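Have a look at the structure below, then the notes.
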Amino acid sequence: MKYSEQTQDFFEQVYQVVRLIPKGRVTSYGSIAKALGTPKSSRIVGWAMNASHKHPDIPAHRVLNRNGLLTGKMHFESPTRMQELLEKEGVKVEKDKVVDFQRLFWDVQEELGKGM
DNA sequence: AGCTTGACTTTGA
DNA sequence: GTCAAAGCCAAGC
């Protein structure tokens, strides 16, 4: 069995996946949503991240949009905090965009599918 | 109760 | 390739 039933909070599932993202890798909201079985709920993932501030360890800086753009950088402690965190993990960021995003992309559906 | 907004994605032009 | 519009679900007003 993958995750719990959908009766559990969608946010918890999102957080769980985000925490599993390897250091130096990134993913998109859509991939997480799809991994949870609701690809249309990509926006909900964003909401989850918005609420992730009340959580201790949520590497939200590893979660970007489909274009690899740091869309939520303005919601961090500082607008530049997200980029700094990514660069500190070895991820190069150019103009609020992750360099070689496609290469650093961490497919949740695949990784979790073959890992679990 | 309803309407608007939002850290998104996909499809159509 | 880009730009505009629709769809989606949850939280906030």
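So you know, we letter chains A, B, ... as the sequences are listed, proteins then strands, and number each from 1. Quick caveat: nothing in here was measured; it's all calculated off a predicted structure.
Here chain A contacts DNA chain B (any atom closer than 4.0 Å to a heavy atom, that is under 4.0 Å), and the contacts span dG6(B) to dT10(B) from 5' to 3'. Nucleotides of DNA chain C lying under 4.0 Å from heavy atoms of chain A occupy a range whose first and last members, 5' to 3', are dG7(C) to dA10(C).
Contacts of Asp107(A) classified as side chain to side chain contact (heavy atoms under 4.5 Å, CB included), with partners at least two apart in sequence or in another chain: Phe105(A), Gln109(A), Glu110(A). For Glu89(A), the salt bridge (charged side-chain N to carboxylate O under 4.0 Å, His left out) criterion is met by Arg62(A), not counting sequence neighbours. Residues forming a side-chain hydrogen bond (donor to acceptor under 3.5 Å, both in side chains) with Ser31(A) (at least two apart in sequence, or on another chain): Ser28(A). Taking Arg81(A) as the reference, Glu77(A) meet the side-chain hydrogen bond (donor to acceptor under 3.5 Å, both in side chains) condition, with sequence neighbours excluded. In this view, Lys54(A) and Ala51(A) satisfy the side chain to side chain contact (heavy atoms under 4.5 Å, CB included) rule, not counting sequence neighbours.
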*In dot-bracket form, how is DNA chain B paired, counting a Watson-Crick or G-U wobble pair only if both its distances are under 3.5 Å and using | for bases paired to another strand?*
.|||||.||||||

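Note that CG of Leu69(A) and CG of Leu64(A) are 8.0 Å apart. Values are rounded to the nearest 0.5 Å.
Against DNA chain C, the stretch residues 44-73 of chain A makes heavy-atom approaches under 4.0 Å through Ile44(A), Trp47(A).
Spacing of C1' atoms, dC3(C) relative to dA7(B), comes out at 22 Å, to the nearest Å.
Within the structure, ring pair (Phe, Tyr, Trp, His ring centres under 6.0 Å) contacts touching residues 38-95 of chain A (residues at least two apart or in different chains) are Tyr15(A)-His55(A).
In the model, Gln83(A) has a side-chain atom that pairs as donor or acceptor with a side-chain atom of Glu87(A) under 3.5 Å.
With the nearest nucleotide of DNA chain B identified for both Tyr29(A) and Lys34(A), Tyr29(A) has the one nearer the 5' end.
Counting only heavy atoms from C-beta outward, the side chains of Leu36(A) and Val14(A) approach each other to under 4.5 Å.
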Run the side-chain donor-acceptor check on residues 91-98 of chain A: report pairs under 3.5 Å with partners two or more places apart or on a different chain.
| unit_1 | atom_1 | unit_2 | atom_2 | d |
| --- | --- | --- | --- | --- |
| Asp96(A) | OD1 | Lys73(A) | NZ | 3.0 |
| Asp96(A) | OD2 | Lys73(A) | NZ | 3.1 |

Using a 3.5 Å cut-off and no angle test, enumerate the donor-acceptor pairs between side-chain atoms of residues 39-46 of chain A and protein atoms at least two apart in sequence or in another chain.
none

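In terms of heavy atoms, Met74(A) sits closest to Thr71(A) at CE-O, 4.0 Å. Between Tyr29(A) and Asn65(A), the closest heavy-atom pair is CE1-N, 3.5 Å.
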